[in-house]
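Remember, it's 1-based here, ligands and their atoms both numbered in the order they're listed. Small disclaimer: the values here were computed from a predicted structure and weren't measured. Any value given below was found using the heavy atoms of this structure, including those in side chains, with hydrogens, waters and symmetry copies removed.
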Amino acid sequence: MLLHIPNVLDRAQVTRMRAALDGAAWTDGRETVGPQGAQVKRNRQLPETSPLRAELGREVLKALSRHPLFHAAVLPQRVLPPRFNRYEDGGHYGSHVDGAVMALPDGGQLRSDVSCTLFLSEPEDYDGGELIINDLYGEHEVKLPAGDAIVYPASSLHRVEPVTRGARTAAFLWAQSLVRDDGQRQLLLELDSSIQRLTQGGADADALLQLTGVYHNLLRRWSET
Ligand SMILES: O=C(O)CCC(=O)C(=O)O
Ligand SMILES: [Fe+2]
């Protein structure tokens, strides 16, 4: 499931983050990938231990965790602290699949079920830089307004096209979901959103109660904690 999450950050938050990021010291993005990724990754990132990464990462996580659509779509169990990347002067990231198991700062591990990119540059400020995600139905091109995010299965082959003008800055992160299977997560999201719509439309209360029970009982069957 590929899902656009609009307005994760408001304009003021984007402006503040961008001011900090535009003046930051960036390092080679290859520092956080294995040998396969290193062959195709040509971008820059905030250093892993950078205090700015920690500060802005907390702000991104707070915004995502308050976003009802992110919560409903991802059902997050563990989330890796966000990283920040920048592509310019032809920077790109060739086709790859994200690592399946990642180390958490507390020593634990995370299975990457969901990948997320939060755009921090406006699309008109750079050429290229599309995030291209492959699924069963073909290739999907993603280039979103600053402050919006895309979530997609970490298992999918994806790439970032070369940036040929300007710079593309983004935050990116991975989540382990309570529900490992992407298809099951999609069904739960569809059920959740139709329950919300029926509630707003004043549907029969008993039928809503029954549907809400179905949602929770499916989640009980499918979640792993
Ligand atoms: O910059 C992006 O949108 C995606 C980055 C990415 O695929 C990665 O770091 O694994
Ligand atoms: Fe990736």
Protein residue, atom and distance nearest to atom 5 (C) of ligand 1, heavy-atom basis: Y87 OH, 3.6 Å

Numbered atoms and elements of ligand 1 in range of D98, under 4.0 angstrom, heavy atoms: 10 (O)

For atom 8 (C) of ligand 1, closest protein heavy-atom neighbour: Y93 CE1, 3.3 Å

Within reach of ligand 1, part of H96 (heavy-atom separation under 4.0 Å): side chain

Y152: ring pair (Phe, Tyr, Trp, His ring centres under 6.0 Å) partners, not counting sequence neighbours: H158

Intermediate values then yes/no, side-chain hydrogen bond (donor to acceptor under 3.5 Å, both in side chains), S112 and D98: CA-CA 8 Å; S112 61; D98 296 327; over 6 Å; no

Residue D98 atom name (nearest to the Fe ion (ligand 2); N/O/S): OD1

Show me the donor-acceptor pairs, under 3.5 Å and distance only, between side chains in residues 56-66 and residues at least two apart or in other chains.
| from | atom 1 | to | atom 2 | distance (Å) |
| --- | --- | --- | --- | --- |
| E59 | OE2 | R16 | NH1 | 3.4 |
| S65 | OG | L61 | O | 3.1 |
| S65 | OG | K62 | O | 3.0 |

Sub-4.0 Å heavy-atom approach of F84 to ligand 1: no

side-chain contact (heavy atoms from CB on, under 4.5 Å) between L189 and L69, worked out: CA-CA 9 Å; L189 176 64; L69 187 55; 4.1 Å; yes

Per-atom contacts, ligand 1 versus W174 - under 4.0 Å to a heavy atom: 10 (O)

Ligand-side contact atoms (ligand 1) for residue partner V160, heavy atom cut-off under 4.0 Å: 1 (O), 2 (C), 3 (O), 4 (C)

Metal-centred angle, NE2 of H96 through the Fe ion (ligand 2) to NE2 of H158, rounded to 10 degrees: 90°

Location of contacts on Q45 toward ligand 1, heavy atoms closer than 4.0 Å: neither

Location of contacts on F119 toward ligand 1, heavy atoms closer than 4.0 Å: neither

side-chain contact (heavy atoms from CB on, under 4.5 Å) between T117 and V142, intermediate numbers included: CA-CA 10 Å; T117 294; V142 182; over 6 Å; no

SB check R159 E130 (cutoff 4.0 Å): no

Pair Q196-D192, side-chain donor/acceptor within less than 3.5 Å: yes

Sub-4.0 Å atoms of ligand 1 with respect to non-hydrogen atoms of N85: 1 (O), 2 (C), 5 (C)

Modelled atom types, side-chain donor and acceptor of Q186 and E190, under 3.5 Å: yes

Polar side-chain atom of R83 near backbone of L173 as donor-acceptor pair, under 3.5 Å: no

For atom 4 (C) of ligand 1, closest protein heavy-atom neighbour: T117 OG1, 3.7 Å

Ligand-side contact atoms (ligand 1) for residue partner H158, heavy atom cut-off under 4.0 Å: 7 (O)

Parallel, tilted or perpendicular: rings of H96 and Y93 (30°, 60°): parallel

Heavy atom of R168, distance to ligand 1 below 4.0 Å: yes

